[in-house]
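Below is one structure; the comments refer to it alone.
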Amino acid sequence: MEFSEWYAEVLRDAEVMDVRYPVKGLYVWLPYGFEIRQRVIEKLRKRLRETGHKEVLFPTLIPETQLEKEAEHIAGFEDEVFWVTHGGLKEMDEKLALRPTSETAIYPMFALWIRSHADLPLKVFQIVNTFRYETKHTRPLIRMREITTFKEAHTAHATREEAEEQVREAFEIYSSFFEDLGIPYVASVRPEWDKFPGAEYTVAFDTVMPDGRALQIGTIHMLGQNFSKTFDVTFETEEGDQEYAHMTCYGVSDRVVASVIAIHGDEHGLVLPPDVAPYQVVIVPILKKGMREEILQRAREVKEELSEVARVKLDDRDMSPGRKFHYWELKGVPLRVEIGAREVEEDTAVVFRRDEMERETYSASELPDVVPELLDEMKKNLRERAWERFEKFMHRAESLEEVREFVGDGIVETGWCGSEECGRKLEEEVEGDVLGTPYPEEKGPEFDRCPVCGEPAEHTIRVAKTY
RNA sequence: GGGGCCGUGGGGUAGCCUGGUCUAUCCUUCCGGCUUUGGGGGCCGGAGACCCCGGUUCAAAUCCGGGCGGCCCCA
């Protein structure tokens, strides 16, 4: 089945999102999807807090003059800004933008907050919705006009070195976050022509969707002193001089959830990593005339016991077992415990693993030990499986022909002389996008030549069809 | 940016070309009841739709225009 068709069906049938909201590019989070989202958010929130980031919440609206202060920045976004122009029936004196991103909302406040070197470093984050007037193919969680879960961090530092160090910390935070969710990725320094508007450079994380197209799932921007100069973010040094702060910002969006769904899912539906699954275990009683109460009672006991070690749901709806099996498989619940007459009599339970679609019988008493082990194993298995598939999506190419051959099937690495001209020509020739050069560092010259101009390669460059 | 296709109950559809018994088909879903329960069970009963605005016409799901929404292809 086509990936996009599969994706749409899974979002609907597993009740992640309702796409029927009558505005292009806006969608509704359903309770089940919302819980997954919450758990993903918490994973990142925890990491950010542990590394000294304080959570804040800025307004959604940004005054026009403020948004347009940084010329390069606004040039990168002006085509896609939603404007609020009226208060009731009256046109407003100054238009207000629905934030496409929050730099211009936050940094003027940084300017007020930061007085001296003692106020630095300043590290904040917020989890908010942002708006972009996308003109083409919107897709739930992948390209939306309202990004609902933008987890953005902003930092200010006294020195360039500290800001560089912050970029590395952000890289570590996101790497471990994606690792934790079993999402494979590569990190690349985006080419000059595709960096964040107003940044000195951008590091981006990309994964690959099952259809072979790359998806950007996180970005880190070294802002240098660009924004601090625009918004007058200055501090007094120990020596008593006024200096501009060195800043960074980084963010991940709803696309993380899209990746979890797309990368782990299979032909039966969602396959959720245990950490983010609303239910980790579902108990399906298999009732039999004459033993109904006994079996149900047993199921309740097992639920009690397992609730100590996992999030458990007992499905006692009046439905055939087969139907329930399909229902919970579609929803990606990691483990299913089946309890019927045989299990009651033998004091056992059948445990079904969603990732491998396999059953095994355990004695009832060992369940509380087995379940956490299986959940853990499943988490590892999902990660390994995903990385294996990802490796198959990584290609190496020496010539333009070879790049072209692989470009729809994941990420292609080739040589690059380093010129923008060749980079752009490469994109044109192979009908792909340049993702950039490897980050944190290149392993050395991996390719002899730039396939465009034939000059010696200075870098490894990555190309892919992208979302 | 350019081009094409499409919009009928919650989901998927027939009907549209050739306007009229359309009181709108079938599957699924949902609700109630009985019976079932080891991989999407059966029977009975019930609920639920022509995207919006305008036009043509005696008459519009059907024809025309616009809007909104969705999908696909190319740059």
Side-chain angles (χ1 to χ4, degrees), chain A residues 1-28 30-33 78-80 82 133-146 211 213 266-270 282-299 302 314-333 335-354 356-362 364 404 407-408 424-433 465-467:
Chain A
M1 192 194 291
E2 283 285 323
F3 167 67
S4 50
E5 197 183 334
W6 174 90
Y7 184 69
E9 279 182 20
V10 165
L11 288 182
R12 185 189 67 221
D13 295 342
E15 299 179 282
V16 176
M17 293 205 113
D18 198 323
V19 302
R20 294 172 299 180
Y21 193 79
V23 181
K24 179 182 166 74
L26 308 189
Y27 311 95
V28 180
L30 295 169
Y32 194 75
E78 63 186 350
D79 287 346
E80 16 188 74
F82 275 97
Y133 191 81
E134 301 284 356
T135 50
K136 46 179 140 189
H137 53 263
T138 51
R139 264 176 225 277
L141 301 180
I142 292 175
R143 172 166 282 111
M144 308 198 286
R145 282 183 168 179
E146 179 181 3
D211 63 357
R213 291 167 78 182
D266 65 18
E267 64 270 32
H268 302 283
L270 284 184
V282 62
I283 300 171
V284 176
I286 297 154
L287 305 175
K288 191 178 162 185
K289 220 187 279 181
M291 281 189 76
R292 271 188 79 88
E293 255 325 297
E294 221 177 327
I295 294 168
L296 264 178
Q297 185 49 38
R298 200 59 233 290
V302 171
L314 170 60
D315 188 355
D316 55 5
R317 288 177 298 176
D318 183 21
M319 231 188 237
S320 75
R323 186 96 179 266
K324 290 180 187 174
F325 294 168
H326 286 275
Y327 179 86
W328 292 109
E329 280 160 21
L330 176 60
K331 293 217 160 188
V333 176
L335 296 177
R336 178 173 75 231
V337 174
E338 305 170 13
I339 295 170
R342 188 174 46 205
E343 287 72 30
V344 169
E345 274 154 19
E346 295 172 358
D347 202 27
T348 58
V350 171
V351 179
F352 171 92
R353 265 178 73 158
R354 178 64 181 86
E356 300 293 339
M357 297 286 283
E358 280 168 3
R359 284 181 168 83
E360 196 146 342
T361 303
Y362 296 93
R404 227 177 264 130
V407 80
R424 285 185 182 275
K425 202 159 172 206
L426 176 64
E427 291 185 326
E428 233 173 85
E429 290 284 329
V430 305
E431 293 177 3
D433 296 309
K465 294 248 193 210
T466 62
Y467 268 99

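What you see is a predicted model, and the numbers here were worked out from it, not measured in a lab. Chain naming here is simple, since letters A, B, ... match the order of the sequence lines and numbering starts at 1 in each.
- At a threshold of 4.0 angstrom between heavy atoms, the contacts of A:E5 with the nucleic acid are absent.
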Test side-chain contact (heavy atoms from CB on, under 4.5 Å) on A:Y467 and A:R139 and set out the steps. CA-CA 10 Å; A:Y467 268 99; A:R139 264 176 225 277; 3.4 Å; yes
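- Closest to the A:V350 side chain, of the nucleotides B:rG38, B:rA75, B:rG40, is B:rG38.
- Each of A:V19 and A:Y327 was assigned the nucleotide of RNA chain B with the nearest heavy atom; the assignment lying further toward the 5' end belongs to A:Y327.
- Residue A:F352 contributes atom CZ, which lies 10 Å from atom C1' of B:rG39 at whole-angstrom precision.
- The side chain of A:R12 sits closest to B:rG11 out of B:rG70, B:rG11, B:rG38.
- Rounded to an integer number of Å, the gap from CD1 of A:I286 to C1' of B:rU36 is 14 Å.
- Look at the P atom in both B:rG9 and B:rA24: the space between them is 14 Å, to the nearest Å.
- For A:K24, the side-chain atoms get nearest to B:rG70 when compared with the rest of B:rG70, B:rU37, B:rG40.
- Look at CE on A:M319: it is 7 Å from P on B:rC30, rounded to the nearest Å.
- Applying the 4.0 Å criterion to OP1 and OP2 of B:rU29, one finds that A:R323 has a side-chain N or O inside that range.
- A gap of 23 Å separates the P atoms of B:rC63 and B:rC26, to the nearest Å.
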Show the numbers, then the answer: is there a side-chain contact (heavy atoms from CB on, under 4.5 Å) between A:Y21 and A:E146? CA-CA 12 Å; A:Y21 193 79; A:E146 179 181 3; over 6 Å; no
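- For A:E338, the salt bridge (Lys or Arg N to Asp or Glu O under 4.0 Å) criterion is met by A:R336, A:R359, not counting sequence neighbours.
- Geometrically, A:R213 does not engage A:F3 in a cation-pi contact, judged by NZ or CZ lying under 6.0 Å from the ring centre and within 45° of the ring axis.
- Between A:K289 and B:rU36 there is a side-chain polar atom (N or O) within less than 4.0 angstrom of OP1 or OP2.
- Within the structure, a side-chain polar atom (N or O) of A:R20 is placed less than 4.0 Å from OP1 or OP2 of B:rG11.
- Going from atom NZ of A:K324 over to atom P of B:rG41 covers 12 Å, rounded to whole Å.
- Distance CZ/A:F352 to CE/A:M357: 4.0 Å, rounded to 0.5 Å.
- When the C1' atom is used for both B:rU62 and B:rA14, the distance is 13 Å, rounded to whole Å.
- For A:K324 (side chain) and A:V284 (main-chain N/O), no donor-acceptor pair under 3.5 Å exists by modelled atom type.
- Side-chain N/O atoms of A:S320 include one lying less than 4.0 angstrom from OP1 or OP2 on B:rG41.
- Remark on RNA chain B: of its neighbouring residues A:P22 and A:T135, the 5'-side contact belongs to A:T135, judged by nearest-heavy-atom nucleotide.
- For the strand RNA chain B, secondary-structure stems (runs of at least three Watson-Crick or G-U pairs, all distances below 3.5 Å) span B:1-7 with B:68-74, B:10-12 with B:26-28, B:29-35 with B:41-47, B:51-55 with B:63-67.
- The interatomic distance linking A:D13 (CG) with B:rG40 (P) rounds to 18 Å, in whole Å.
- The shortest distance between side-chain heavy atoms of A:R145 and A:F82 falls below 4.5 Å.
- Residue side chain A:E329 does not reach the base of B:rG40 through any donor-acceptor N/O pair under 3.5 Å, judged by distance alone.
- Picking from B:rU36, B:rG39, B:rG38 the nucleotide with the shortest atom distance to the side chain of A:D318 gives B:rU36.
- Rounding to the nearest 0.5 Å gives a distance of 8.0 Å between CZ of A:R353 and CG of A:L335.
- Across the P atoms, B:rC72 and B:rG15 are found 24 Å apart, a figure rounded to whole Å.
- Put simply, OH on A:Y7 is 19 Å from C1' on B:rC72, counting in whole angstrom units.
- A donor N or O paired with an acceptor N or O is not found under 3.5 Å between the base of B:rG38 and the side-chain atoms of A:R359.
- Rounded to whole Å, the C1' atom of B:rC30 lies 9 Å from the corresponding atom of B:rG48.
- If you measure from atom NZ of A:K288 to atom P of B:rG41, you get 20 Å, rounded to the nearest angstrom.
- Identified under the side-chain hydrogen bond (donor to acceptor under 3.5 Å, both in side chains) test for residues 282-295 of chain A, with sequence neighbours left out: none.
- In this structure, A:R342 reaches the bases: a heavy-atom distance under 4.0 Å links it to at least one base atom across the strands shown.
- Across all strands shown, A:E338 has heavy atoms under 4.0 Å from base atoms, whether or not it also approaches the sugar-phosphate.
- Atom name P, nucleotides B:rU8 and B:rA75: the rounded distance is 31 Å, in whole Å.
- Dashed line: the shortest gap from a side-chain N or O of A:S4 to OP1 or OP2 of B:rC72 is under 4.0 Å.
- What separates CD of A:E429 from P of B:rA75 is a distance of 13 Å, to the nearest Å.
- Taking atom P on both B:rG54 and B:rA61, the two are 15 Å apart, rounded to the nearest angstrom.
- At a threshold of 4.0 angstrom between heavy atoms, the contacts of A:R139 with the nucleic acid are absent.
- B:rU13 and B:rU28 have their P atoms separated by 16 Å, given to the nearest Å.
- With values rounded to the nearest 0.5 angstrom, A:M144 atom CE is found 10.0 Å from A:E134 atom CD.
- Taking 3.5 Å as the limit, the base of B:rU37 and the side chain of A:R292 contain a donor-acceptor pair of atoms between them.
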